[in-house]
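Quick note on labels: first sequence line is chain A, next is B, and so on, each numbered from 1. These numbers come from a predicted model, not from an experiment.
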Amino acid sequence: MSFVLKPTSFLKLKAALLPWCWVLSLLAFGYGIYLALYASPPDYQQHEAVRMMYVHVPTAWLAMGIYGFMAVMNLAGFVWRNLLAFFIAKAAAPVGLTFNILCIVTGSLWGKPMWGAWWVWDARLTSITILAFLYLGYIILIDSFEDQDHGLKMGALLSLMGVVNLPIIKWSVTWWNTLHQPASVFRLGGPTIHKAMLLPLGVMAIAFTAFAVAMILMRTDLELLSRRVRVLNFDRIRKHLQ
Amino acid sequence: MWLSGSLYLIFDGLRDNLVFFYSPTDLQEKKIQPHQKIRVGGMVKPDSLVWGANQKVSFVLTDYTTEIRVDYEGIPPDLFREGQGAVAEGFLLPSNSFKAMTVLAKHDEKYMPAQLSQTIDRHHGQATLKED
(Lines give C-alpha, C1' and ligand atoms only; values in the text may rest on other atoms or scores of the structure.)
Protein backbone atom coordinates (compact mmCIF):
# COMPACT_ATOMS: atom_id res chain seq x y z
CA MET A 1 0.00 0.00 0.00
CA SER A 2 2.74 2.50 0.86
CA PHE A 3 4.28 2.46 -2.60
CA VAL A 4 1.26 4.37 -3.80
CA LEU A 5 1.54 6.90 -1.05
CA LYS A 6 4.64 8.65 -2.36
CA PRO A 7 4.19 11.84 -4.37
CA THR A 8 6.16 10.52 -7.33
CA SER A 9 4.27 7.26 -7.51
CA PHE A 10 1.01 9.10 -6.99
CA LEU A 11 1.74 11.41 -9.92
CA LYS A 12 2.50 8.41 -12.12
CA LEU A 13 -0.76 6.78 -11.01
CA LYS A 14 -2.67 9.95 -11.71
CA ALA A 15 -1.15 10.35 -15.17
CA ALA A 16 -2.06 6.78 -16.02
CA LEU A 17 -5.52 6.76 -14.50
CA LEU A 18 -6.94 10.20 -15.28
CA PRO A 19 -7.50 9.88 -19.04
CA TRP A 20 -9.30 6.59 -18.50
CA CYS A 21 -11.50 8.20 -15.85
CA TRP A 22 -12.56 10.85 -18.37
CA VAL A 23 -13.17 8.31 -21.11
CA LEU A 24 -15.18 6.04 -18.84
CA SER A 25 -17.10 8.95 -17.38
CA LEU A 26 -18.02 10.39 -20.78
CA LEU A 27 -19.05 7.04 -22.24
CA ALA A 28 -21.01 6.10 -19.14
CA PHE A 29 -22.80 9.46 -18.99
CA GLY A 30 -23.61 9.20 -22.68
CA TYR A 31 -25.08 5.74 -22.38
CA GLY A 32 -26.51 6.41 -18.92
CA ILE A 33 -28.41 9.56 -19.88
CA TYR A 34 -29.74 7.85 -22.99
CA LEU A 35 -30.99 4.99 -20.81
CA ALA A 36 -32.23 7.16 -17.99
CA LEU A 37 -34.20 9.65 -20.06
CA TYR A 38 -35.23 7.58 -23.04
CA ALA A 39 -34.59 3.84 -23.04
CA SER A 40 -36.03 2.90 -19.68
CA PRO A 41 -39.66 2.49 -18.62
CA PRO A 42 -41.72 4.73 -16.35
CA ASP A 43 -42.42 3.28 -12.95
CA TYR A 44 -45.73 1.64 -12.12
CA GLN A 45 -46.43 4.11 -9.34
CA GLN A 46 -44.05 7.06 -9.84
CA HIS A 47 -44.39 7.19 -13.64
CA GLU A 48 -41.83 9.49 -15.24
CA ALA A 49 -40.76 10.97 -11.89
CA VAL A 50 -38.78 7.80 -11.23
CA ARG A 51 -36.07 9.13 -13.54
CA MET A 52 -34.84 11.37 -10.73
CA MET A 53 -33.51 8.17 -9.15
CA TYR A 54 -30.79 7.97 -11.79
CA VAL A 55 -29.17 11.10 -10.36
CA HIS A 56 -30.32 11.08 -6.74
CA VAL A 57 -29.17 7.56 -5.85
CA PRO A 58 -25.64 7.74 -7.36
CA THR A 59 -25.06 11.08 -5.63
CA ALA A 60 -26.18 9.55 -2.33
CA TRP A 61 -23.85 6.58 -2.80
CA LEU A 62 -20.96 8.90 -3.61
CA ALA A 63 -21.66 11.28 -0.72
CA MET A 64 -21.35 8.33 1.65
CA GLY A 65 -18.66 6.48 -0.25
CA ILE A 66 -16.35 9.46 -0.56
CA TYR A 67 -16.71 10.12 3.16
CA GLY A 68 -15.72 6.52 3.87
CA PHE A 69 -12.81 6.85 1.45
CA MET A 70 -11.74 10.07 3.14
CA ALA A 71 -11.83 8.39 6.56
CA VAL A 72 -9.77 5.46 5.29
CA MET A 73 -7.19 7.85 3.82
CA ASN A 74 -7.03 9.76 7.08
CA LEU A 75 -6.58 6.55 9.03
CA ALA A 76 -3.82 5.50 6.63
CA GLY A 77 -2.20 8.88 7.21
CA PHE A 78 -1.96 8.18 10.90
CA VAL A 79 -1.05 4.50 10.63
CA TRP A 80 1.68 4.91 8.02
CA ARG A 81 2.61 8.47 9.04
CA ASN A 82 2.01 9.51 5.47
CA LEU A 83 1.13 13.09 4.58
CA LEU A 84 0.02 12.23 1.05
CA ALA A 85 -2.83 10.18 2.49
CA PHE A 86 -4.02 13.33 4.30
CA PHE A 87 -3.71 15.31 1.06
CA ILE A 88 -5.90 12.81 -0.74
CA ALA A 89 -8.51 13.13 2.00
CA LYS A 90 -8.34 16.93 1.81
CA ALA A 91 -8.80 16.73 -1.95
CA ALA A 92 -11.76 14.38 -1.67
CA ALA A 93 -13.78 16.34 0.87
CA PRO A 94 -15.23 19.10 -1.34
CA VAL A 95 -16.09 16.51 -3.98
CA GLY A 96 -17.98 14.49 -1.39
CA LEU A 97 -19.73 17.59 -0.06
CA THR A 98 -20.86 18.54 -3.57
CA PHE A 99 -22.41 15.11 -4.06
CA ASN A 100 -24.01 15.38 -0.63
CA ILE A 101 -25.64 18.69 -1.57
CA LEU A 102 -26.74 17.32 -4.96
CA CYS A 103 -28.27 14.35 -3.19
CA ILE A 104 -30.25 16.63 -0.89
CA VAL A 105 -31.40 18.93 -3.72
CA THR A 106 -32.43 16.13 -6.09
CA GLY A 107 -34.10 14.33 -3.21
CA SER A 108 -36.10 17.41 -2.34
CA LEU A 109 -37.19 17.92 -5.95
CA TRP A 110 -38.24 14.27 -6.05
CA GLY A 111 -39.93 14.32 -2.65
CA LYS A 112 -42.32 17.16 -3.36
CA PRO A 113 -44.28 15.42 -6.13
CA MET A 114 -43.95 11.93 -4.63
CA TRP A 115 -44.37 12.46 -0.90
CA GLY A 116 -45.98 15.87 -0.88
CA ALA A 117 -43.14 17.54 1.00
CA TRP A 118 -39.93 19.32 -0.05
CA TRP A 119 -38.31 18.24 3.21
CA VAL A 120 -38.98 16.26 6.36
CA TRP A 121 -36.77 15.73 9.38
CA ASP A 122 -36.94 11.97 9.35
CA ALA A 123 -33.91 9.87 10.31
CA ARG A 124 -32.68 9.38 6.75
CA LEU A 125 -32.82 13.03 5.72
CA THR A 126 -31.50 14.23 9.08
CA SER A 127 -28.50 11.91 9.04
CA ILE A 128 -27.55 12.82 5.47
CA THR A 129 -27.71 16.48 6.51
CA ILE A 130 -25.39 15.72 9.41
CA LEU A 131 -23.00 14.17 6.87
CA ALA A 132 -22.92 17.49 5.00
CA PHE A 133 -22.04 19.26 8.24
CA LEU A 134 -19.30 16.72 8.91
CA TYR A 135 -17.83 17.47 5.48
CA LEU A 136 -18.12 21.19 6.07
CA GLY A 137 -16.60 20.91 9.54
CA TYR A 138 -13.66 18.99 8.14
CA ILE A 139 -13.06 21.47 5.32
CA ILE A 140 -13.12 24.42 7.69
CA LEU A 141 -11.10 22.72 10.43
CA ILE A 142 -8.13 21.74 8.28
CA ASP A 143 -7.54 25.37 7.38
CA SER A 144 -7.94 26.69 10.92
CA PHE A 145 -4.38 26.10 12.05
CA GLU A 146 -1.16 27.95 11.36
CA ASP A 147 0.60 24.64 10.95
CA GLN A 148 -1.15 23.11 7.92
CA ASP A 149 -0.02 19.60 8.72
CA HIS A 150 -1.46 19.87 12.20
CA GLY A 151 -4.70 21.08 10.67
CA LEU A 152 -4.84 18.04 8.41
CA LYS A 153 -4.43 15.77 11.42
CA MET A 154 -7.12 17.52 13.44
CA GLY A 155 -9.47 17.27 10.49
CA ALA A 156 -8.54 13.64 10.13
CA LEU A 157 -9.61 12.99 13.72
CA LEU A 158 -12.93 14.72 13.11
CA SER A 159 -13.57 12.68 9.98
CA LEU A 160 -12.80 9.43 11.81
CA MET A 161 -15.23 10.25 14.60
CA GLY A 162 -17.91 11.01 12.04
CA VAL A 163 -17.68 7.55 10.48
CA VAL A 164 -20.34 6.39 12.92
CA ASN A 165 -22.80 8.39 10.81
CA LEU A 166 -22.38 6.10 7.80
CA PRO A 167 -24.13 3.01 9.24
CA ILE A 168 -26.68 5.37 10.79
CA ILE A 169 -27.53 6.76 7.35
CA LYS A 170 -27.64 3.31 5.79
CA TRP A 171 -29.88 1.72 8.41
CA SER A 172 -31.91 4.80 9.38
CA VAL A 173 -34.77 3.55 7.21
CA THR A 174 -34.75 0.20 9.03
CA TRP A 175 -34.11 1.25 12.61
CA TRP A 176 -36.68 4.04 12.76
CA ASN A 177 -40.03 4.87 11.19
CA THR A 178 -39.12 7.17 8.31
CA LEU A 179 -40.89 8.74 5.39
CA HIS A 180 -38.01 7.70 3.15
CA GLN A 181 -38.58 4.16 1.98
CA PRO A 182 -36.21 1.26 2.82
CA ALA A 183 -33.31 0.16 0.64
CA SER A 184 -34.03 -1.02 -2.87
CA VAL A 185 -30.59 -2.20 -3.95
CA PHE A 186 -28.23 -3.09 -1.15
CA ARG A 187 -30.46 -5.30 0.93
CA LEU A 188 -30.74 -8.93 2.02
CA GLY A 189 -32.84 -10.68 -0.57
CA GLY A 190 -31.48 -8.66 -3.47
CA PRO A 191 -32.68 -5.57 -5.30
CA THR A 192 -36.36 -4.72 -5.54
CA ILE A 193 -35.73 -2.70 -8.67
CA HIS A 194 -36.62 -4.27 -11.98
CA LYS A 195 -33.56 -4.82 -14.16
CA ALA A 196 -34.81 -2.36 -16.76
CA MET A 197 -34.27 0.34 -14.18
CA LEU A 198 -31.30 -1.22 -12.43
CA LEU A 199 -29.26 -0.90 -15.64
CA PRO A 200 -29.52 2.90 -16.04
CA LEU A 201 -28.92 3.24 -12.30
CA GLY A 202 -25.72 1.18 -12.51
CA VAL A 203 -24.42 2.99 -15.59
CA MET A 204 -25.05 6.40 -14.06
CA ALA A 205 -23.36 5.27 -10.84
CA ILE A 206 -20.29 4.28 -12.85
CA ALA A 207 -20.37 7.60 -14.69
CA PHE A 208 -20.56 9.68 -11.53
CA THR A 209 -17.92 7.58 -9.77
CA ALA A 210 -15.44 7.87 -12.64
CA PHE A 211 -16.04 11.61 -12.59
CA ALA A 212 -15.47 11.75 -8.82
CA VAL A 213 -12.22 9.80 -9.12
CA ALA A 214 -11.04 12.21 -11.82
CA MET A 215 -11.86 15.15 -9.59
CA ILE A 216 -10.05 13.67 -6.58
CA LEU A 217 -6.97 12.80 -8.65
CA MET A 218 -6.78 16.33 -10.05
CA ARG A 219 -7.36 17.99 -6.71
CA THR A 220 -4.67 15.88 -5.01
CA ASP A 221 -2.26 16.86 -7.77
CA LEU A 222 -3.23 20.46 -7.16
CA GLU A 223 -2.57 20.10 -3.44
CA LEU A 224 0.90 18.68 -4.13
CA LEU A 225 1.64 21.51 -6.55
CA SER A 226 0.41 24.16 -4.16
CA ARG A 227 2.65 22.79 -1.42
CA ARG A 228 5.63 22.87 -3.74
CA VAL A 229 4.86 26.47 -4.60
CA ARG A 230 4.70 27.33 -0.89
CA VAL A 231 8.03 25.65 -0.20
CA LEU A 232 9.63 27.45 -3.14
CA ASN A 233 8.24 30.75 -1.89
CA PHE A 234 9.65 30.13 1.58
CA ASP A 235 13.03 29.33 0.06
CA ARG A 236 12.94 32.50 -1.98
CA ILE A 237 12.03 34.59 1.07
CA ARG A 238 14.69 32.92 3.18
CA LYS A 239 17.39 33.52 0.58
CA HIS A 240 16.25 37.10 0.25
CA LEU A 241 16.58 37.60 3.99
CA GLN A 242 20.09 36.13 4.18
CA MET B 1 -14.44 12.63 21.45
CA TRP B 2 -16.80 15.53 21.88
CA LEU B 3 -18.17 14.88 18.42
CA SER B 4 -19.20 11.29 19.02
CA GLY B 5 -20.51 12.38 22.39
CA SER B 6 -22.64 15.12 20.89
CA LEU B 7 -23.80 12.89 18.02
CA TYR B 8 -24.93 10.36 20.61
CA LEU B 9 -26.75 13.02 22.60
CA ILE B 10 -28.38 14.41 19.47
CA PHE B 11 -29.67 11.05 18.38
CA ASP B 12 -30.72 10.04 21.86
CA GLY B 13 -32.55 13.30 22.48
CA LEU B 14 -34.19 13.03 19.10
CA ARG B 15 -35.12 9.41 19.65
CA ASP B 16 -38.82 9.94 19.86
CA ASN B 17 -38.62 12.63 17.22
CA LEU B 18 -36.41 10.44 15.05
CA VAL B 19 -39.39 8.20 14.82
CA PHE B 20 -40.95 10.25 12.04
CA PHE B 21 -44.35 8.83 12.76
CA TYR B 22 -46.14 6.58 15.21
CA SER B 23 -47.97 3.52 14.00
CA PRO B 24 -51.64 3.18 15.02
CA THR B 25 -50.52 0.59 17.58
CA ASP B 26 -47.89 3.01 18.96
CA LEU B 27 -50.63 5.59 19.50
CA GLN B 28 -52.44 3.19 21.80
CA GLU B 29 -49.38 1.80 23.55
CA LYS B 30 -47.75 5.14 24.16
CA LYS B 31 -51.08 6.54 25.36
CA ILE B 32 -50.85 9.62 23.17
CA GLN B 33 -53.17 12.33 24.44
CA PRO B 34 -55.65 14.22 22.26
CA HIS B 35 -54.57 17.57 20.78
CA GLN B 36 -50.86 16.66 20.87
CA LYS B 37 -49.27 17.44 17.51
CA ILE B 38 -47.95 14.14 16.17
CA ARG B 39 -47.72 12.05 13.04
CA VAL B 40 -49.32 8.69 12.46
CA GLY B 41 -48.38 6.43 9.59
CA GLY B 42 -49.56 3.18 8.14
CA MET B 43 -51.26 1.63 5.15
CA VAL B 44 -54.43 3.16 3.80
CA LYS B 45 -56.98 0.44 4.34
CA PRO B 46 -58.59 -0.64 1.05
CA ASP B 47 -62.22 0.45 0.64
CA SER B 48 -61.90 2.93 3.48
CA LEU B 49 -61.37 6.07 1.39
CA VAL B 50 -64.34 8.41 1.40
CA TRP B 51 -64.37 11.69 -0.51
CA GLY B 52 -66.68 14.36 0.82
CA ALA B 53 -67.62 17.85 -0.25
CA ASN B 54 -65.20 20.80 0.07
CA GLN B 55 -62.02 18.73 -0.31
CA LYS B 56 -62.90 16.65 2.75
CA VAL B 57 -61.52 13.13 2.72
CA SER B 58 -61.54 10.41 5.33
CA PHE B 59 -59.77 7.08 5.41
CA VAL B 60 -58.48 4.43 7.77
CA LEU B 61 -54.79 3.90 8.51
CA THR B 62 -53.79 0.43 9.61
CA ASP B 63 -50.66 -1.39 10.69
CA TYR B 64 -52.55 -4.69 10.41
CA THR B 65 -52.92 -4.78 14.18
CA THR B 66 -54.64 -1.51 15.01
CA GLU B 67 -56.67 0.89 12.91
CA ILE B 68 -57.33 4.57 13.16
CA ARG B 69 -59.69 6.78 11.21
CA VAL B 70 -58.18 9.94 9.74
CA ASP B 71 -60.05 13.02 8.55
CA TYR B 72 -58.34 15.51 6.27
CA GLU B 73 -59.39 18.67 4.51
CA GLY B 74 -57.31 19.32 1.43
CA ILE B 75 -55.78 17.64 -1.58
CA PRO B 76 -53.59 14.65 -0.73
CA PRO B 77 -50.46 14.00 -2.82
CA ASP B 78 -50.69 12.16 -6.14
CA LEU B 79 -49.30 8.92 -4.78
CA PHE B 80 -51.84 8.79 -1.97
CA ARG B 81 -54.31 5.96 -2.44
CA GLU B 82 -55.75 2.82 -0.90
CA GLY B 83 -53.36 -0.04 -0.30
CA GLN B 84 -50.37 2.32 -0.12
CA GLY B 85 -48.55 3.92 2.77
CA ALA B 86 -49.43 7.34 4.11
CA VAL B 87 -48.34 9.58 6.96
CA ALA B 88 -50.81 11.99 8.53
CA GLU B 89 -49.64 14.96 10.57
CA GLY B 90 -52.10 16.41 13.05
CA PHE B 91 -53.63 15.42 16.34
CA LEU B 92 -55.80 12.84 17.99
CA LEU B 93 -59.36 13.87 18.81
CA PRO B 94 -61.09 12.77 22.02
CA SER B 95 -63.35 10.64 19.83
CA ASN B 96 -60.22 8.61 18.99
CA SER B 97 -60.17 9.63 15.37
CA PHE B 98 -57.27 11.60 13.95
CA LYS B 99 -57.57 15.07 12.49
CA ALA B 100 -54.86 15.57 9.90
CA MET B 101 -53.45 18.98 8.94
CA THR B 102 -51.10 17.40 6.40
CA VAL B 103 -51.14 14.09 4.57
CA LEU B 104 -47.98 12.68 2.99
CA ALA B 105 -47.71 9.65 0.74
CA LYS B 106 -45.15 7.03 1.67
CA HIS B 107 -44.18 4.75 -1.16
CA ASP B 108 -42.39 1.44 -0.89
CA GLU B 109 -38.99 0.38 -2.18
CA LYS B 110 -40.27 -1.52 -5.22
CA TYR B 111 -39.62 -0.21 -8.68
CA MET B 112 -41.29 -1.90 -11.60
CA PRO B 113 -42.10 -0.91 -15.19
CA ALA B 114 -45.63 0.35 -15.65
CA GLN B 115 -46.47 -2.21 -18.35
CA LEU B 116 -45.26 -5.07 -16.18
CA SER B 117 -47.60 -4.00 -13.42
CA GLN B 118 -50.51 -3.94 -15.89
CA THR B 119 -49.67 -7.46 -17.01
CA ILE B 120 -49.58 -8.67 -13.42
CA ASP B 121 -52.97 -7.10 -12.77
CA ARG B 122 -54.45 -8.78 -15.84
CA HIS B 123 -53.12 -12.14 -14.73
CA HIS B 124 -54.63 -11.65 -11.32
CA GLY B 125 -57.96 -11.25 -12.98
CA GLN B 126 -58.43 -7.61 -12.18
CA ALA B 127 -60.54 -5.95 -14.79
CA THR B 128 -59.23 -2.43 -14.35
CA LEU B 129 -55.94 -1.33 -15.87
CA LYS B 130 -53.72 0.62 -13.49
CA GLU B 131 -53.98 4.28 -14.44
CA ASP B 132 -50.89 5.42 -16.27
Is the number of heavy atoms from other residues, nucleotides or ligands within 6.0 Å of NZ (A/Lys153) greater than 12?
no
Which value, rounded to the nearest 0.5 Å, describes the distance between B/Lys110 atom NZ and A/Ile193 atom CD1?
12.0 Å
Contact class of A/Met197 relative to chain B, heavy atoms under 4.5 angstrom
side chain
A/Phe211 atom CZ, neighbour heavy-atom count above 12 within 6.0 Å
no
Checking side-chain contact (heavy atoms from CB on, under 4.5 Å) for the pair A/Leu179/B/Lys106: CA distance, chi angles, key distance, verdict?
CA-CA 6 Å; A/Leu179 185 60; B/Lys106 180 178 158 81; 4.0 Å; yes
Take atom CG in B/Asp63; do more than 12 heavy atoms of anything else shown fall under 6.0 Å from it?
yes
More than 12 heavy atoms from other groups under 6.0 Å of CH2 on A/Trp110
yes
Give, for atom CG of B/Leu79 and atom NE2 of A/His47, the distance between the pair rounded to the nearest 0.5 Å.
7.0 Å
Heavy-atom side-chain proximity of A/Met53 to B/Tyr111 below 4.5 angstrom
yes
Does B/Tyr64, at its OH atom, have more than 12 non-hydrogen atoms belonging to other residues, nucleotides or ligands within less than 6.0 Å?
no
Non-hydrogen atoms of A/Asp43 and B/Met112 that approach each other most closely:
OD1-N, 2.9 Å
Using the rule given for side-chain contact (heavy atoms from CB on, under 4.5 Å), can you reason through B/Gln84 versus A/Gln45, listing the C-alpha separation, both sets of side-chain angles and the distance that settles it, and then say yes or no?
CA-CA 10 Å; B/Gln84 295 285 6; A/Gln45 59 181 345; 3.2 Å; yes
Would you mind reporting whether B/Asp26 and A/Asn177 have side-chain heavy atoms less than 4.5 Å apart?
yes
Might you confirm whether atom OH of A/Tyr34 has over 12 heavy atoms from other residues, nucleotides or ligands at distances under 6.0 Å?
no
Test of understanding: with side-chain contact (heavy atoms from CB on, under 4.5 Å), list the residues that count as partners of B/Gln55, not counting sequence neighbours.
B/Ile75
Keeping the roles fixed (side chain from A/Ser184, backbone from B/Glu109), state whether a donor-acceptor pair exists under 3.5 Å.
yes
Atom group of B/Pro113 that falls short of 4.5 Å from chain A, counting heavy atoms:
both
Please look at A/Ala49 and chain B and tell me whether the side chain, the backbone, both or neither of the residue comes under 4.5 angstrom of a heavy atom of that chain.
neither
Begin from the C-alpha positions of B/Phe20 and A/His180 and carry the test side-chain contact (heavy atoms from CB on, under 4.5 Å) through to its verdict.
CA-CA 10 Å; B/Phe20 185 68; A/His180 194 292; over 6 Å; no
